[in-house]
Structures are given as structure tokens and as C-alpha cells.
Amino acid sequence: MKSYDPNKIEAKWQKKWLELGIYKNYNKDKKFYVLDMFPYPSGAGLHVGHPRGYIATDIISRYKLLQGFSVLHPIGWDAFGLPAENYAIKNKIHPKIAVEKNIITFKKQLKKFGFTYDWDKEINTTDPEYYKWTQWIFLKMFEKGLAYESNEPVNWCPNCKTVLANEDLEKGLCERCKTQVIQKKMRQWVLKMTNYADRLLYDLNLKELNWENSIIEQQKNWIGKSEGVQFEIKIKNSLEKIEVYTTRIDTVYGMTYAVIAPEHPIIEKIKKGIKNYSEVEKYLIQAQKKTEFERTELQKEKTGIELKGIKAINPFTEKEIPLFVADYVLGFYGTGAIMAVPSHDERDFEFAKKYNLPIKHVILMENPCDSENLVDWKQELIDKKHWWWKHDYCYTKDGMLFNSKLYSHFSSEQARDKITEWLEKKGIGKRKINYKMRDWVFSRQRYWGEPIPIIHCEKCEAVAVPENQLPVKLPEIKHYEPTGTGEGPLATIHDWVNTKCPKCNKPAKRETNTMPQWAGSSWYYLRYIDSKNNKSLIDKKLEKKWMPVDLYIGGAEHATRHLLYARFWHKFLYDISVVSTIEPFKKFMYVGLILAKDGQKMSKRWNNVINPDDVINQFGADSTRLYEMFMGPFMQAISWSVDGIKGTRRFLDRIWKLQKNLIKTEEKSTEILMHKTIKGVTEDIEQFKFNTAISTMMIFINKAEKNGTTIANYESLLKILSPFAPHITEEIWEKLGHKKSIFLSTWPKYNVELIKDDKINLVIQINGKVRDIVIVNADILEKDAKKIAMKSEKIKTYITNKEIKKTIFVPKKLINIVI
RNA sequence: GGUCCAGUGGCGGAAUUGGUAUACGCGCAACACUUAAAAUGUUGUGUCCAAAAGGCAUGUGGGUUCAACUCCCACCUGGACCACCA
């Protein structure tokens with residue numbers, strides 16, 4: 001027998017599988033759609049971390065295939081966007097050429113793993129035939145009023161020279177280049193994602209949605225629903241009023257001042273009444289210059305300025321309170337104005353301390369109604385039990401109201417209801433729901449993206465490009481560097497920009513901004529299903545057949561961006577009847593990062609990148625696949641180690657050698673172990689516990705190597721190993737005389753009767769400590785177990801002359817004697 | 001600062017409706033094979049003790065229990081996400 005030579009057999013089977021197309025049986029009764037987050041073909045190529053998720057989906061694909069499913073397992077390229085463009089600029093290659101080159105590298109690398117991808121379904125977001133439909137979705141949104149032009153201040157990255165969405169920021173820095181982002185008023189396209197906020201939140205609770213909890217929590221936090229009250233505060237001697245938003249209306253009697261954001265429009269209206277306007281103006285200019293990062297830096301002291309000569313009226317007490325402008329109030333959230341309650345809000349507290357503003361307590365830490373001295377409540381009890389209330393102390397939790405006129409004695413919860421009712425009755429306030437999530441800023445002033453299919457006409461304003469003119473192709477261009485003017489580089493191509501208005505036929509200009517990187521990936525899972533369709537986005541029958549995606553695997557870092565955007569688009573497509581499911585991804589699993597040996601992220605910068613090609617050349621694809629799954633729990637980040645992979649290679653060597661150790665009749669225990677192994681591996685795959693699935697098979701080979709095993713068991717072993725190590729198992733399968741691929745066979749079943757243990761190790765404990773272990777029948781009764789325990793020599797030494805208080809018997813497990 | 005998750009041998013890790021802690025792999029040591037090495041195989045490998053018997057060990061300190069890696073409380077350390085969202 002020749003020794004195991006992975007390089008030879010892997011190339012052979014990769015070629016054969018492609019020729020035979022064994023994965024492409026799409027007509028079975030049961031379907032399974034398994035999806036990888038498609039890669040971004042960067043210039044660096046793949047490192048060993050990328051394939052971890054792909055290996056898992058490949059294991060699931062082959063496993064489902066063996067269980068008789070039609071499996072859709074596609075791959076494609078998410079190739080628009082800043083990294084590709086920056087790489088191209090740096091290396092002075094056109095992004096299109098760079099992307100094409102990178103895709104070739106990526107493909108070559110991926111193919112070495114022997115994945116089940118159906119390459120006929122390959123897609124590329126930069127292909128006009130693909131982005132035609134990305135543009136089409138945008139136009140549908142435009143048609144429904146969900147895509148609109150806005151002039152609000154937006155995040156501008158001075159380095160990338162483009163606007164960014166909220167989701168593209170990392171602590172106020174540009175997620176790509178870590179430059180501080182500034183706020184800039186610019187015309188831009190925005191998608192009304194907030195219209196879907198409630199559904200995006202609510203549907204996360206669907207039973208059918210089987211997502212990792214931490215991802216669901218992250219999305220919920222990002223959407224950030226808060227239920228509160230919005231009410232108006234009058235300005236003294238003026239018809240103007242400001243609307244404030246609060247979730248703690250129960251603390252309203254503690255309001256000692258009010259604050260508006262620097263960008264609040266009322267400042268302009270009451271300008272004349274502000275006595276210190278020149279100083280206020282200075283502050284406004286200063287605040288505007290601050291980056292969002294500085295503004296939200298928590299450690300930074302709060303700043304603000306009082307609008308002298310202006311007084312606000314607390315509608316509850318009718319008392320005058322000062323009004324401040326301060327940039328700790330955010331213009332974009334709620335109403336851009338707040339009631340300030342320093343006694344029960346930490347930010348207001350900090351501000352009040354700095355500017356010496358009164359602090360009035362209205363919430364008690366605990367409910368004195370619970371105490372017996374209900375009658376004596378009021379001052380005495382407060383003084384005694386709640387010494388803090390006169391002092392500088394900020395209590396932010398719910399409690400019981402006092403100092404709140406007729407609402408005193410109420411709990412925070414009751415008070416919120418009652419006070420809101422009062423506001424509603426008076427017509428000066430109402431319940432209001434706010435979200436942290438903002439609308440999606442959708443235009444980029446860059447070249448390498450889908451052109452936004454809009455034509456600007458002086459008379460007709462923004463007009464949709466007619467559907468039959470899609471795609472609006474991205475024109476060839478000499479200089480694709482960003483301009484920094486707010487227009488995209490496309491603005492320089494006059495032939496392209498100047499066109500006619502589709503409505504009135506007069507001269508008009510094309511939109512020169514492009515779509516963000518996340519556009520193409522927001523619906524790509526649909527295109528795989530019907531990748532060649534040029535009449536519609538997707539055929540209805542095919543959509544019904546394959547959707548939803550049964551399993552989606554990718555990085556956890558996409559929890560609040562890609563996954564949110566894709567769900568948003570999917571719900572829109574549902575509303576316009578393009579898709580039939582309300583959620584796109586039934587199950588989502590995230591894959592843990594593979595770190596370099598030093599515990600850092602793999603990056604060219606640290607010079608610690610491991611290229612999978614090298615690993616495969618040395619150990620083979622099967623060993624590499626096996627090791628990436630064996631190294632630790634799937635969702636956990638883990639460091640790469642060369643030593644570990646030696647172990648999985650040895651394991652495959654032993655699988656190979658077992659061919660010559662096949663026997664006619666084997667010990668019963670080997671057969672039983674085989675069935676236990678099948679059970680273990682099946683259950684572990686279902687639960688994504690690939691590491692223990694592999695160790696289960698290792699346990700079997702340890703025994704089979706010693707005692708020998710039958711060909712029937714060996715074939716079962718090959719089958720359950722085949723999703724993990726497809727090449728070696730296929731090769732041995734062929735050597736054993738099979739004419740058809742192992743992946744056209746069926747997943748082995750285990751015999752439930754056989755794996756029932758009739759003998760067990762009964763643990764005998766004294767006071768919970770293991771003192772002896774005896775082999776007994778599995779169905780042993782308590783009284784018999786006790787007898788056996790008492791007979792044990794080891795136990796005797798412990799119980800002689802001791803009183804036995806009680807014994808605890810756990811069937812099939814142990815007996816514990818308490819003395 | 002908030003939320004969530006984690007902490008087990010020399011290393012990666014296994015075990016949770018509470019019931020034999022350290023499976024499996026790596027590494028290490030001894031032996032076999034070899035002129036030798038690599039590869040392979042066999043045996044051993046938590047810690048204390050020369051060994052046995054036994055004691056002690058799942059970040060730290062408490063608690064619940066016949067029994068705690070698993071549940072509860074407090075703390076320490078590390079990671080992820082969010083971060084003035086009223």
C-alpha cells in the first residue's frame with residue numbers, strides 16, 4: 001500500500017467533483033440553503049482565518065447532501081467599495097483590473113480546500129448585470145419615498161473624502177482609516193431605515209429566527225428603542241416653545257433648567273432676546289468645529305452657555321428656569337432639547353455642579369410605603385433614612401416620588417403614567433418612541449461603487465432613470481481619486497454627466513455620487529438563487545423554493561451593519577412582493593477569529609499572516625480543514641499553531657493505514673463504539689461542535705487501530721469523516737471498490753438498542769467523595785447498589801464504626817453514603 | 001462608564017436539567033525500531049510525597065447542597081460590542 005499523499009489525491013478529486021457536478025442535484029424534496037458571507041477580494045489574498053467559516057459551511061453542505069437534501073452552497077465577490085479603490089489608487093491600477101486580479105487569487109486559494117461551491121452561480125457585485133438590480137432596488141425605494149435627498153449634517157471623513165453612515169464609525173473615527181470624522185452639512189442620499197425600526201426590532205423575537213443571542217442583543221442595542229414622553233416648555237414673553245424628550249417624566253419636578261443642542265433651530269428665532277448673544281455665537285462656532293469624537297468623549301468636561309435674558313417655564317410648577325445651550329445634548333436625537341434633572345441624571349448632575357445650578361431631589365431611593373412608619377413619612381424619615389437627599393448625590397434609578405405635589409408618594413412607574421396622562425389632557429405632551437438608529441446615509445463621493453440611478457433636472461428635480469435604461473453603467477475614467485468637493489469623481493466626465501431629463505427631455509445632469517460598499521451585499525443571497533436572470537431580480541418560483549437561507553455563517557463584526565442593512569432591504573422587498581419571507585436568514589452563526597500565534601489579528605502590518613497555500617502544501621487540505629475545526633469552539637477566537645496541525649495530519653495517516661487492518665469479525669465493543677461515534681458526530685455537527693466531533697472519531701480510531709475493525713465499520717467511519725476530510729475519504733472509498741462518489745451514499749444511522757449500556761461503572765461516594773468504582777448492571781436497584789457498596793473493602797474502612805445518616809442513589813450513575 | 005461573554009494541566013481544549021474533573025490533540029520523558037536521526041510504535045505525564053495510602057487542585061473569597069467547573073452573592077483578570085441616545 002502506498003502511503004498517504006494528500007497533494008496527489010486532493011488535486012485529483014477537486015477536478016473530478018467539478019466534472020461530475022455531484023453537488024448540483026437541485027431537485028430533491030428537501031432543500032438546504034447554506035450561505036457564507038462572500039469575501040471582499042482584497043490585494044492581500046486569503047489568510048488561514050478566512051476559511052474557518054467556509055470549512056464549516058462545507059461540512060454542513062456535505063452532511064446535508066449525505067442526508068438527501070438538495071444543497072445550495074454558492075460563493076461570490078463583494079468587490080465594490082473603499083478598500084478595493086484605495087488599494088487600486090495606491091498601486092496605480094484601475095480598481096476593475098485590481099479586483100479581477102484579486103478574484104483570480106482568491107479563487108485559486110479557495111479551490112485548494114475542495115469546497116462544494118457551485119461555480120456556475122458565482123456572482124460579483126461589480127458586474128453590471130448584478131448591479132443593475134442593486135440600482136433597481138434603489139429606484140423602487142425612491143418610488144416609495146424611502147430614498148430621499150437630505151441636507152443635514154453628516155459624518156465626513158477628510159481622509160477618504162467621503163460621507164459615511166453612522167454604522168461606518170468606530171468610536172467617532174472612520175472605520176477604514178481611523179481618521180476623526182467631522183460633521184459637515186452636505187446634500188446626500190438617505191434611505192429611510194427608521195421606517196422599519198420597529199419591524200427590525202420586533203422580528204428579532206420570531207421563533208423561527210434562530211440566531212446567536214449576543215448578535216440579537218447587539219442589533220437590539222443598535223436599534224435602541226426607547227419609550228418616553230415629549231412635551232413642550234414655553235419661553236417666557238415669547239410665543240416660541242421648545243419640545244423636550246424624556247424617558248423619566250417621573251423626575252419632572254426636579255427639573256431646574258433646560259438645555260438645547262447647539263444646532264437647535266430655536267436659537268435663531270429668539271436671537272434678539274439673548275442678551276449675551278455674541279458669547280453664545282462664539283460657543284456655537286466652537287461646538288460646530290468639534291469633531292463628533294471630541295463631542296462624545298465621556299472623559300471630557302461638559303461645556304455650555306446660558307442664554308441670558310431668556311427664561312423657560314416649567315409647565316408643572318409654572319416657575320422660571322434658565323435655558324442653556326450645551327453640546328452634551330445631541331441635535332439628532334429626540335427633539336434636540338432636554339429637561340435637566342441634575343438630582344436624577346448623571347449628565348445633568350455633572351453639568352449642574354460645574355455651573356452651580358440648583359439640585360432638587362424628587363425620587364427616594366426606596367419606597368417608604370414598605371416601612372411601617374407610613375404616617376411618619378415626610379421630612380423626618382427622609383432625613384433619617386435618606387441623608388443623601390440634601391447632599392450632592394445623584395440617584396438615577398426608579399423609586400418613590402416626593403417634592404412632586406400631587407404625585408408625591410407615587411412610584412416612578414405609576415407617576416410616569418399619571419403625569420403623561422395629565423400632559424395629554426392639557427394637550428402639551430404625548431407619549432413618544434425614539435430610536436438610536438438613524439436613517440442610512442447612502443451616498444459616497446467616490447468612484448468605485450454603483451452609480452445612483454438618478455437624473456437631476458432643473459425643472460423636474462430628482463428623476464429616476466427609467467427601468468429599461470438600467471444598468472446605469474459605471475463609466476471608464478482616467479482619474480478616479482476622490483475630489484473632496486462633495487461631488488464624486490464621476491462629475492469630471494462631462495459626456496456621462498450631461499444627459500436629458502427622462503421626464504421633460506431638457507438638458508439635465510446625472511447623480512455623481514455612488515452607493516456605499518454595503519449596497520451590493522444587502523441582497524446578494526437572493527441573486528445566487530437565480531444568478532443569470534435578466535428579466536427580473538429573482539424568479540418567484542425559485543425564490544419560494546430556496547428562501548429563506550437556512551444557515552448563514554460569517555463574522556460577528558457584521559451584526560450591526562450588513563445584517564441590519566440586509567434585513568432592512570429584505571423587508572422592503574417583502575413589502576413590494578419580491579420575496580415571500582419576512583426574514584432572510586433563518587439561522588445565523590458567527591465564526592470566531594483566527595489570531596496569529598502572538599494573539600494579534602493577522603495583518604500584513606504585523607507580518608504575522610499565515611497563507612493557507614503554504615499550510616496546504618505542507619500538510620494537505622484535509623489536515624488543514626480538520627485542524628481549523630479541531631482547534632477550538634467554533635465561535636471562539638483562537639490563535640493559530642503549527643504544532644496542532646501535526647495532530648490532525650497524524651490522524652489522517654492512521655485513517656489511511658487502517659485499510660490494511662480490516663478484519664472479518666470484531667469485538668462487540670468495537671461495533672458498539674462505532675454506533676456511539678456515529679451518534680456523537682451527528683449530534684455534534686448539528687450543534688456546531690466540530691472540535692468534539694473530531695475527537696470522537698479519534699477515540700474510535702484509537703480502538704480500531706489496536707483491535708482491528710470490519711469493513712462495514714470502516715465505511716461508516718469514512719462517511720462521517722467525509723464532510724470534514726472529503727478528499728482522503730473519497731479516495732479510500734474508491735479503493736474499497738465503490739464506483740460512485742461517497743457523497744452520493746447516505747449518512748449512517750446508529751442502532752439505539754446497541755448503544756444502550758447494560759453494564760455501567762457505579763461510583764461509590766462517601767460524603768460526596770469518590771472512594772470506589774464497581775461494574776454493575778445498568779438497571780441495578782438502589783437496595784442492590786447499597787449492598788454492593790457495603791461489601792466493598794475500600795468502603796468498609798470508611799464506614800466501620802460510623803453512623804450512616806443517609807444514602808443517595810442516582811440510577812446509572814452513583815451511590816453516595818453520608819456518614 | 002454600560003451591556004454581554006469568558007477564566008480548567010506546560011499549551012489548545014473536554015465535561016453544566018448539579019453526580020467519576022482534566023476526554024481528544026499538542027508538547028514533554030522513557031523505551032522499541034535505526035549505524036544515527038527523522039518518521040512510526042509502546043508506556044507514562046494535574047499537583048504535593050521516594051513510593052503507596054492519602055491530601056490538595058477548575059481566577060479569588062463566601063454561600064446553597066449528600067454532592068458545585070456547573071447554581072447564588074461579592075471581587076479580580078481578560079475579551080467583544082456600545083459609549084453623553086435624556
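Here is how names work: the chains are called A, B, and so on, in the same order as the sequence lines, proteins then strands, and each is numbered from 1.
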Have [X] and [Y] got a donor and an acceptor in their side chains that come within less than 3.5 Å?
X       : Y       : result
T692(A) : D684(A) : yes
N205(A) : K220(A) : yes
Q618(A) : R649(A) : no
K703(A) : S669(A) : yes
Y435(A) : S226(A) : no

How is [X] classified with respect to the nucleic acid when contacts are heavy atoms under 4.0 Å: base, sugar-phosphate, or nothing?
X       : answer
N702(A) : sugar-phosphate
K436(A) : base
R771(A) : sugar-phosphate
V810(A) : base
D643(A) : sugar-phosphate
I808(A) : base
T246(A) : sugar-phosphate

- Task: Could you provide the dot-bracket string of RNA chain B, using ( ) for intrastrand pairs, [ ] for crossing pairs and | for bases paired to another strand, with Watson-Crick or G-U pairs below 3.5 Å?
- Result: (((((((..(((......[....)))((((((.......))))))(((.....)))..(((((..]....))))))))))))....
- Message: Does a side-chain N or O of Y328(A) approach OP1 or OP2 of A86(B) to a distance below 4.0 Å, or not?
- Response: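 For A86(B), neither OP1 nor OP2 has a side-chain N or O of Y328(A) closer than 4.0 Å.
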- Item | Residue-phosphate contact under 4.0 Å: R650(A) side-chain N/O, C26(B) OP1/OP2 |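 Yes.
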[X] side-chain proximity, nearest of [options]:
X       : options                : result
Q218(A) : C81(B), A86(B), C84(B) : C81(B)
N761(A) : G25(B), C84(B), U20(B) : U20(B)
T560(A) : A86(B), C24(B), C82(B) : C82(B)

Starting from [atom2] on [N], measure out to [atom1] on [X] and report it in whole angstrom.
X       : N      : atom1 : atom2 : value
F619(A) : A39(B) : CZ    : P     : 11 Å
Q219(A) : U3(B)  : CD    : C1'   : 16 Å
I766(A) : G54(B) : CD1   : P     : 12 Å
K769(A) : A68(B) : NZ    : C1'   : 13 Å
K805(A) : C66(B) : NZ    : P     : 10 Å
I433(A) : A86(B) : CD1   : P     : 13 Å
K353(A) : C84(B) : NZ    : P     : 23 Å
R438(A) : C82(B) : CZ    : P     : 14 Å

Taking atom [atom1] in both [N] and [M], what distance in whole Å separates the two?
N      : M      : atom1 : answer
G61(B) : U77(B) : P     : 16 Å
C71(B) : A14(B) : P     : 16 Å
U16(B) : A6(B)  : C1'   : 15 Å
U20(B) : G78(B) : C1'   : 31 Å
U17(B) : U8(B)  : C1'   : 22 Å
G7(B)  : U60(B) : P     : 13 Å
A21(B) : C82(B) : C1'   : 37 Å
G46(B) : C28(B) : C1'   : 14 Å

- Item | Those residues that, when tested against F630(A), pass ring-ring contact (aromatic ring centres under 6.0 Å, His included) (two or more places apart) |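 Residues passing ring-ring contact (aromatic ring centres under 6.0 Å, His included) with F630(A): none at all.
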- Item | Cation-pi check, K302(A) onto F351(A) ring (under 6.0 Å, within 45° of axis) |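 So K302(A) doesn't make the cation-pi contact.
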- Message: Is it the case that the ring center of F588(A) lies less than 6.0 angstrom away from the ring center of Y590(A)?
- Response: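 They do not qualify: ring centres at least 6.0 Å apart.
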- Query: Listed by chain and number, what are the salt bridge (charged side-chain N to carboxylate O under 4.0 Å, His left out) partners of K360(A), not counting sequence neighbours?
  - Reply: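 Counting only residues at least two positions away or on another chain, K360(A) forms no salt bridge (charged side-chain N to carboxylate O under 4.0 Å, His left out).
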- Message: As a test of the definition: with a 90° window around 0 for syn, would you call G9(B) syn or anti?
- Response: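 Because its glycosidic torsion lies within 90° of 0, G9(B) adopts the syn conformation.
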- Any N or O donor-acceptor pair linking the side chain of N816(A) to the base of C66(B) at under 3.5 Å?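 In this structure, the two groups form a donor-acceptor pair.
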- Would you state whether a donor and an acceptor, one from the side chain of E346(A) and one from the base of G1(B), lie under 3.5 Å apart?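 No such pair is found, so the answer is no.
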- Message: For S226(A) and I773(A), find the nucleotide of RNA chain B closest to each by heavy atoms; which residue's nucleotide sits nearer the 5' end?
- Response: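 So the residue in question is I773(A).
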- Task: Take T648(A) and K806(A), find for each the nucleotide of RNA chain B with the closest heavy atom, and name the residue whose nucleotide sits nearer the 5' end.
- Result: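 Going by which nucleotide is closer to the 5' end, it is T648(A).
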- Message: Whether D643(A) and K646(A) form a salt bridge (side-chain N of Lys/Arg under 4.0 Å from carboxylate O of Asp/Glu) is what I want to check.
- Response: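 Looking at D643(A) together with K646(A), the answer is yes, because their closest N to O distance falls below 4.0 Å.
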Would you list the atom pairs, donor with acceptor, under 3.5 Å between side chains in residues 558-566 of chain A and any protein atom, with sequence neighbours excluded?
residue: R561(A); atom: NE; partner: E167(A); partner atom: O; Å: 3.4
residue: R561(A); atom: NH1; partner: D168(A); partner atom: OD1; Å: 2.8
residue: R561(A); atom: NH2; partner: E175(A); partner atom: OE2; Å: 3.1
residue: H562(A); atom: NE2; partner: Y552(A); partner atom: OH; Å: 2.6
residue: Y565(A); atom: OH; partner: E167(A); partner atom: OE1; Å: 2.9
residue: Y565(A); atom: OH; partner: W440(A); partner atom: NE1; Å: 3.4

- Message: Could you work out, with side chain to side chain contact (heavy atoms under 4.5 Å, CB included) as the rule, every residue matching S404(A), not counting sequence neighbours?
- Response: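 Only Y253(A), V362(A), L401(A), Y407(A), S408(A) meet the side chain to side chain contact (heavy atoms under 4.5 Å, CB included) criterion with S404(A).
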- What string of B, S and - do you get for nucleotides 9-16 of chain B, 5' to 3', if B is base contact, S is sugar-phosphate-only contact and - is no contact with any protein heavy atom under 4.0 Å? ---BSSS-
